[in-house]
Number of protein chains: 2
Amino acid sequence: MSGKPAQRLASGGGAAVDDRSVAARLFAILDAFATPAGATSFTLSLTAIAQRAGLPLSTTHRLVAEWVGWGGLTRQDNGQYSLGMKLWELGVQTPTARNLRTIALPYLEDLYETTREHVHLAILDGRDALYLEKLSGHHAVRLTSRVGARLPLHSTGVGLVLLAHAPTDVVQDYLATSLERFLPGTVTEPDAVRRRLAEIRLTGVARMSEEMTLGSSSIAAPIRDRTGLVVAAVSIVIRTTDTANPEQERAVRVAAQGVSRALGYRRAQQ
Amino acid sequence: MSGKPAQRLASGGGAAVDDRSVAARLFAILDAFATPAGATSFTLSLTAIAQRAGLPLSTTHRLVAEWVGWGGLTRQDNGQYSLGMKLWELGVQTPTARNLRTIALPYLEDLYETTREHVHLAILDGRDALYLEKLSGHHAVRLTSRVGARLPLHSTGVGLVLLAHAPTDVVQDYLATSLERFLPGTVTEPDAVRRRLAEIRLTGVARMSEEMTLGSSSIAAPIRDRTGLVVAAVSIVIRTTDTANPEQERAVRVAAQGVSRALGYRRAQQ
DNA sequence: CGACGGGTTCCATTCAGTGGAAGTTCTTGG
DNA sequence: CCAAGAACTTCCACTGAATGGAACCCGTCG
């Protein structure tokens with residue numbers, strides 16, 4: 001790093017210079033709260049935030065205070081910090097999530113009622129399936145998914161559907177990296193995945209069985225907007241042992257079509 | 001559009017001083033997106049953001065770029081900006097919203113199924129009822145409410161329930177200001193409201209009729225946590241013309257109790 | 001009691017952020 | 001077709017806001 005004659009610590013360690021902008025530091029603080037894995041959301045102490053964000057304590061202290069002042073973070077009685085309501089309020093206003101959810105929810109409810117199984121709504125975001133909504137009864141199978149979670153495209157029903165209808169370069173790109181095998185049943189071989197995608201495009205539904213969670217299978221179908229583009233996917237997650245029920249598949253299709261129609265899709269082609 | 005740009009003109013047309021911190025300016029930009037009234041969420045041009053945030057265009061340009069880089073804002077094809085998915089992702093992680101929602105949703109679904117009416121879940125936040133969840137079928141009455149919306153405490157079912165169980169100083173404070181009369185039926189007289197609150201505490205339900213929206217009534221009940229504290233309220237919104245149905249009230253109670261029990265409430269007192 | 005780990009405050013230093021202005025692109029309309 | 005204008009982007013000299021090390025505070029533990 002000969003470029004910048006920036007501040008240099010006299011000590012032999014030669015600590016790295018932090019050239020992040022104030023904004024970047026503020027964001028780093030929020031990112032410290034990104035819930036890992038499927039864990040339940042949590043709280044952090046000031047020091048913990050400082051560590052995760054890679055910031056000096058005093059700086060963290062000041063910036064965290066700014067967040068709290070605005071409502072993006074909340075300080076709890078025990079001194080721990082957590083994400084604040086303001087963030088939630090703004091978050092739910094996000095157009096994609098809000099519009100899709102509002103329109104889709106009634107159909108998802110119908111689907112839940114007729115099948116009594118977990119119902120998922122997801123969109124493609126980057127290289128992941130992002131779960132926008134999840135309905136599930138009191139009982140139902142334990143699952144990794146939750147609203148706001150990201151799950152892989154190749155091992156989930158909604159993921160495969162989204163991938164099947166994604167631009168070719170996205171598919172190319174996705175299959176170029178090695179796909180994680182979560183269970184023995186997970187299909188990870190690129191060509192095998194490609195064959196599945198083709199079949200999904202043909203039949204209009206994806207069926208998965210024990211590729212992410214033991215004991216659970218899923219049936220997923222695409223949601224199209226007015227232009228015919230696939231913008232989301234619905235699925236139900238069922239116990240693997242249940243006998244294959246054509247009614248279930250039909251219900252998923254009906255729901256997907258209902259939402260598509262509500263979005264203005266008129267089955268022009270197909 | 002709230003808080004006017006913090007500009008203070010020195011006598012004689014001197015330059016304005018803006019003593020906001022970088023963080024405050026970043027927040028002001030996000031706040032520019034706070035959806036007004038009940039309008040559908042929207043997009044803003046750079047110039048519009050600058051105006052609403054009270055910032056010079058070049059500064060706005062730079063800061064908006066930071067937001068976009070992080071994912072808090074998204075630039076659309078037409079050049080307009082809107083809230084970004086990252087914000088949604090973090091927002092749904094907010095503990096209060098997430099936990100309550102997760103626990104309550106199954107019961108809300110039950111309630112929706114048995115009544116087929118709008119179902120609301122709200123908490124008290126500041127001087128407003130903040131709507132955490134809303135289920136509604138395809139048909140159903142048109143409403144002002146939506147997830148993430150804030151509505152007054154005195155003119156909504158959930159609002160009254162929350163107020164009825166709020167600390168006395170909150171009630172005091174709330175009733176000290178003049179309450180807006182949305183419809184002829186809105187009860188705005190402090191003492192009349194107080195009497196209602198007492199009754200709600202006694203009976204355990206609130207009934208409203210055409211106090212916010214013409215043609216719609218609501219039935220609301222409190223949700224308690226393990227300590228017995230009222231942390232939220234559920235309600236259904238029904239057509240006013242419908243004959244009073246004791247089944248509906250019972251369904252609301254059942255839902256509220258179900259959620260309370262799931263939160264660990266054991267009906268110690270009462 | 002002393003030490004320790006978390007949190008808070010202080011303040012001299014300096015460099016990141018600022019914003020006016022000039023440059024660029026896209027529209028409008030004459 | 002070009003001029004006028006609006007919206008956006010880039011530039012850069014200046015400066016005061018942000019920085020972070022250090023000192024301080026406070027509750028807890030052995």
Side-chain angles (χ1 to χ4, degrees), chain A residues 1-30 32-33 42-70 72-82, chain B residues 4-10 13-30 32-33 42-70 72-82 84:
Chain A
M1 2 190 110
S2 42
K4 324 191 155 211
Q7 98 184 37
R8 207 172 3 97
L9 295 191
S11 67
V17 181
D18 185 352
D19 57 354
R20 283 180 289 181
S21 65
V22 182
R25 291 164 206 233
L26 281 165
F27 299 152
I29 286 176
L30 269 207
F33 286 87
F42 62 149
T43 64
L44 293 174
S45 71
L46 188 64
T47 317
I49 298 174
Q51 279 168 353
R52 289 173 165 248
L55 291 172
L57 194 58
S58 54
T59 303
T60 310
H61 184 255
R62 202 163 9 87
L63 297 185
V64 163
E66 298 263 19
W67 277 118
V68 172
W70 182 65
L73 292 179
T74 308
R75 177 142 211 203
Q76 300 176 305
D77 306 325
N78 56 25
Q80 298 271 92
Y81 295 91
S82 69
Chain B
K4 273 295 94 210
Q7 292 191 343
R8 195 195 61 232
L9 297 186
V17 178
D18 183 351
D19 56 356
R20 283 179 289 181
S21 65
V22 182
R25 290 164 206 232
L26 281 165
F27 299 153
I29 286 176
L30 269 208
F33 286 86
F42 63 150
T43 63
L44 293 174
S45 71
L46 188 65
T47 317
I49 298 173
Q51 280 167 355
R52 288 173 166 248
L55 291 171
L57 195 57
S58 54
T59 302
T60 309
H61 184 255
R62 201 164 9 88
L63 297 185
V64 163
E66 298 264 19
W67 277 118
V68 172
W70 181 64
L73 292 179
T74 308
R75 177 139 213 205
Q76 300 177 304
D77 306 326
N78 56 26
Q80 298 273 92
Y81 295 91
S82 69

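Just so it is clear, the values below take in all heavy atoms, side chains as well, and ignore hydrogens, waters and symmetry mates. Below, chain A is the first sequence line, B the second, and so on; all start at residue 1.
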Quantified as the angle between the terminal helix axes (five pairs each), what is the overall bend of the helix from C:dC1-D:dG30 to C:dG30-D:dC1 to 10 degrees?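 Inter-axis angle at the termini of the helix from C:dC1-D:dG30 to C:dG30-D:dC1: 40°.
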Grab the two heavy atoms, one from [X] and one from [Y], that are nearest each other, plus how far apart they are.
X	Y	value
B:Gly72	B:Leu30	O-CD2, 4.5 Å
A:Phe42	A:Phe33	CE2-O, 3.4 Å
B:Leu26	B:Trp67	O-NE1, 3.1 Å
B:Ala53	B:Arg20	O-NH1, 3.0 Å
B:Ser82	B:Thr43	CB-CG2, 3.9 Å

Quick one: which of C:dT18, C:dA16, D:dT9 gets closest to the side chain of B:Arg75?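 Nucleotide nearest to B:Arg75's side chain: D:dT9.
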Mind listing the N/O atom pairs, protein and nucleotides 19-22 of chain C, below 3.5 Å?
unit_1, atom_1, unit_2, atom_2, d
C:dG19, OP2, B:Arg25, NH1, 3.3
C:dG19, OP2, B:Thr59, OG1, 2.7
C:dG19, N7, B:Ser58, OG, 3.1
C:dG20, O6, B:Ser58, OG, 3.2

Between atom [atom1] in [X] and atom [atom2] in [N], what is the gap in whole Å?
X	N	atom1	atom2	answer
B:Asp77	D:dC8	CG	P	15 Å
A:Asn78	D:dG27	CG	C1'	15 Å
A:Leu63	C:dG17	CG	P	11 Å
A:Tyr81	C:dG6	OH	P	14 Å
A:Leu44	C:dG7	CG	C1'	15 Å

Which comes earlier along DNA chain C counting from the 5' end, the contact point of B:Glu66 or that of A:His61, where each point is its nearest nucleotide? A:His61
Interatomic spacing from CZ in B:Arg52 to OG1 in B:Thr47 - rounded to 0.5 Å: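 One finds 12.5 Å between CZ of B:Arg52 and OG1 of B:Thr47.
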Please enumerate all residues that pass ring-ring contact (aromatic ring centres under 6.0 Å, His included) together with B:Tyr81, with sequence neighbours excluded.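 Listed in chain order: nothing, the list is empty.
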Sequence neighbours left out, what passes side-chain contact (heavy atoms from CB on, under 4.5 Å) with B:Asn78? Give chain and number order.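 With sequence neighbours excluded, B:Asn78 shows a side-chain contact (heavy atoms from CB on, under 4.5 Å) to B:Gln76, B:Gln80, given in chain and number order.
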Would you mind writing out the side-chain donor-acceptor pairs for residues 55-66 of chain B within the sub-3.5 Å range, not counting sequence neighbours?
unit_1, atom_1, unit_2, atom_2, d
B:Thr60, OG1, B:Pro56, O, 2.8
B:Glu66, OE1, A:Ser21, OG, 3.2
B:Glu66, OE2, A:Ser21, OG, 2.9

Got a list of protein N/O to nucleotides 4-7 of chain D N/O distances below 3.5 Å?
none

